[in-house]
Number of protein chains: 2
Amino acid sequence: MKEHKSISIADQIFEQLEHDILIGKYQRGEILTELKLSETLGVSRTPIREAIRRLEQEHIIEETSRGAVVIGISKEDLFDMYEIRMHLEGLAAARTARSITDDGLSKMKEVLDLQRYYVDKTDADNSDNSDNIKNLDSEFHRLLYIFSGSKAYYDTLLPIHKKMIKYRKASMKSHSRARQSLNEHEGIYHALEHHDPELAQKLTIEHATRARDSILEKEI
Amino acid sequence: MKEHKSISIADQIFEQLEHDILIGKYQRGEILTELKLSETLGVSRTPIREAIRRLEQEHIIEETSRGAVVIGISKEDLFDMYEIRMHLEGLAAARTARSITDDGLSKMKEVLDLQRYYVDKTDADNSDNSDNIKNLDSEFHRLLYIFSGSKAYYDTLLPIHKKMIKYRKASMKSHSRARQSLNEHEGIYHALEHHDPELAQKLTIEHATRARDSILEKEI
DNA sequence: ATATGTATTATTGTATACAATTATACCATG
DNA sequence: CATGGTATAATTGTATACAATAATACATAT
């Protein structure tokens with residue numbers, strides 16, 4: 001599914017730290033020191049420093065003389081990020097509807113089918129598939145950005161989407177929202193399939209709006 | 001003017017490389033190897049690697065097994081980035097108009113006055129102040145983003161604005177455009193001063209639109 | 001000639017040693 | 001008790017050595 005080029009330790013650490021910060025395992029204000037991470041993770045400081053530089057560049061940590069301070073994502077950030085998505089993601093979807101290939105469509109379909117599988121499974125046996133559903137949800141959006149064919153939209157939207165993970169995770173715990181989200185994705189997919197930019201745009205904006213409202217009513 | 005915390009060699013190298021890539025000194029496809037940079041810049045590989053990690057995170061270079069390949073910013077990217085700015089920057093300006101303080105206003109005024117100084121100087125003695133003007137132009141936008149009070153808008157818009165440098169630089173070589181741009185900035189500033197979100201938004205969108213058109217007609 | 005295997009080289013990846021800086025604790029002094 | 005200064009410790013910053021990997025060149029066999 002992904003390119004396979006022997007992911008380095010530094011990259012692994014970056015992804016792990018990024019994930020842990022974005023899901024809130026490390027709280028805002030917490031200080032990460034290189035030595036401590038080095039001991040905890042069992043690697044030298046070099047790859048850790050490189051990971052930290054990248055996190056710093058993403059503005060989710062901040063360097064100080066006493067270590068790297070976790071910034072994380074606040075609810076105000078979340079609100080603003082939804083506003084931004086509501087203004088951009090529809091445009092990206094319209095582009096995707098124009099330019100997506102059959103190959104792209106089948107990749108998105110695959111993700112949707114899996115997402116459908118897990119949602120139905122939860123309906124059937126009441127098991128908790130929220131983590132899988134959340135990841136597939138992310139992947140759907142990532143593909144939507146990629147197949148827009150625009151590096152600028154991809155580079156702008158993906159980081160925003162990634163930074164929402166903590167809140168989307170919470171949102172997906174509500175299975176009714178998970179099911180609704182999937183339905184919306186399927187609607188967007190059909191618009192893409194019919195290469196209907198206006199519809200894709202409209203549905204995507206609605207999707208972002210509902211996602212925001214669903215989170216906001218939860219997070220008061 | 002800026003926080004002074006003994007900027008490290010790694011940071012300096014990052015800024016220099018970022019600048020050199022974004023102004024096109026390193027062309028798309030060019031390969032930067034750590035050893036070569038290390039010899040050229042007279043430092044060890046460690047700070048260079050850290051700079052490269054950050055550039056990689058910005059998606060302006062790409063790591064391969066043969067070195068870091070320069071990606072840079074294409075004209076298609078530029079077009080998309082303007083589209084994004086046209087949809088977001090007005091919203092940011094409206095927020096700034098709502099929340100900016102007198103202190104923030106005076107900081108922006110200072111930048112505008114300097115920009116006015118250089119524009120008038122060029123009018124008077126025909127000297128080339130385009131680099132100064134371009135930098136002040138950037139600083140105006142940076143302050144506009146900062147005083148929006150939104151980390152999300154800042155983090156989204158600033159990288160986009162930075163990545164346009166090569167093209168804005170070319171645009172500012174036309175003194176009539178430089179003068180017009182300044183006039184537009186002053187208009188936006190007055191809207192901020194009067195805490196008029198609607199006007200600030202409208203003028204900012206117009207500003208982005210004109211900037212785009214000015215560049216596009218040049219770059220055919 | 002083409003393909004294949006192997007040695008060589010170029011390059012990145014990681015660990016470690018040391019330097020520089022900053023924060024902290026503690027003591028002395030008024 | 002407050003203040004300042006000095007030693008100590010904690011932490012980051014940089015250089016360097018070595019390991020791992022990937023690319024290249026070249027020779028050999030078919």
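Quick note: numbers below take in every heavy atom, side chains included, and nothing from hydrogens, waters or symmetry partners.
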Throw together a table of side-chain donor-acceptor distances under 3.5 angstrom for residues 19-31 of chain A, partners on residues two or more places apart or in other chains.
| unit_1 | atom_1 | unit_2 | atom_2 | d |
| --- | --- | --- | --- | --- |
| Q27(A) | NE2 | G24(A) | O | 3.3 |
| R28(A) | NH1 | I71(A) | O | 3.0 |
| E30(A) | OE1 | Q27(A) | N | 2.9 |

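With sequence neighbours excluded, the residues that form a ring pair (Phe, Tyr, Trp, His ring centres under 6.0 Å) with F140(B) are H185(B). The side-chain hydrogen bond (donor to acceptor under 3.5 Å, both in side chains) test applied to R45(B) returns E34(B), not counting sequence neighbours. Looking at residues two or more places apart in sequence or on another chain, you find no side-chain hydrogen bond (donor to acceptor under 3.5 Å, both in side chains) involving K134(A). With sequence neighbours excluded, the residues forming a side-chain hydrogen bond (donor to acceptor under 3.5 Å, both in side chains) with N129(B) are T122(B), S127(B), listed by chain and number. By the side chain to side chain contact (heavy atoms under 4.5 Å, CB included) test, E193(B) is found to be paired with L105(B), Y189(B), H190(B), residues two or more places apart in sequence or in another chain being considered. With sequence neighbours excluded, the residues that form a side-chain hydrogen bond (donor to acceptor under 3.5 Å, both in side chains) with R168(B) are S138(B).
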What string of B, S and - do you get for nucleotides 10-17 of chain C, 5' to 3', when a contact is any protein heavy atom under 4.0 Å? -SBBBBB-
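Direction of the helix axis in the helix from dA1(C)-dT30(D) to dG30(C)-dC1(D) shifts by 10° between the two five-pair termini, rounded to 10°.
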